[in-house]
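Scroll down for the structure; my scribbles are underneath it.
The figures here come from the full heavy-atom set of this structure, side chains too, leaving out hydrogens, waters and symmetry mates.
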Amino acid sequence: MTEIQNTKQYDLEVRTLHFAIGVRKFVKELPKTISNIEDGKQLIKSSGSVGANYLDLFHISCFEFRI
């Protein structure tokens with residue numbers, strides 16, 4: 001019996017990095033109003049934290065989840 005392997009990789013580290021870069025590019029294109037500047041700061045912070053949270057979770061060993 002042959003084993004079917006999944007060749008599609010889901011590299012979340014790279015995908016979250018590209019997401020954060022895309023958000024930064026988007027925020028740069030927004031009109032420079034007071035609300036856009038403040039909202040843009042928060043959007044940039046939160047888009048970067050997606051990748052940071054993933055990396056933190058990825059590096060936690062399975063041992064820490066055992067009860």
Looking only at heavy atoms, which two atoms of G51 and T16 are closest? And how far apart?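 That would be CA-OG1, 3.5 Å.
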Testing the basics here: between V27 and G40, what is the closest heavy-atom pair and its distance to 0.1 Å?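 For V27 versus G40, the nearest heavy atoms are CG1-CA, 3.8 Å.
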Spell out, yes or no, whether [X] and [Y] are grouped together once hydrophobic residues are joined by side-chain heavy atoms under 4.5 Å, including indirect joins.
X	Y	value
L43	F19	yes
F26	I44	yes
V14	I21	no

Answer yes or no: are there more than 12 heavy-atom neighbours, outside K32 itself, under 6.0 Å from its atom NZ?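 Buried by this count: over 12 neighbours within 6.0 Å.
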Where the side chain of N36 meets the backbone of L30, is there a donor-acceptor pair that is under 3.5 Å apart?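 Judged by distance alone, no pair lies under 3.5 Å.
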Can you tell me how far apart [atom1] ([X]) and [atom2] ([Y]) are? Round to the nearest 0.5 Å.
X	Y	atom1	atom2	result
R24	E29	CZ	CD	14.5 Å
Q42	I37	CD	CD1	15.0 Å
K41	S46	NZ	OG	14.0 Å

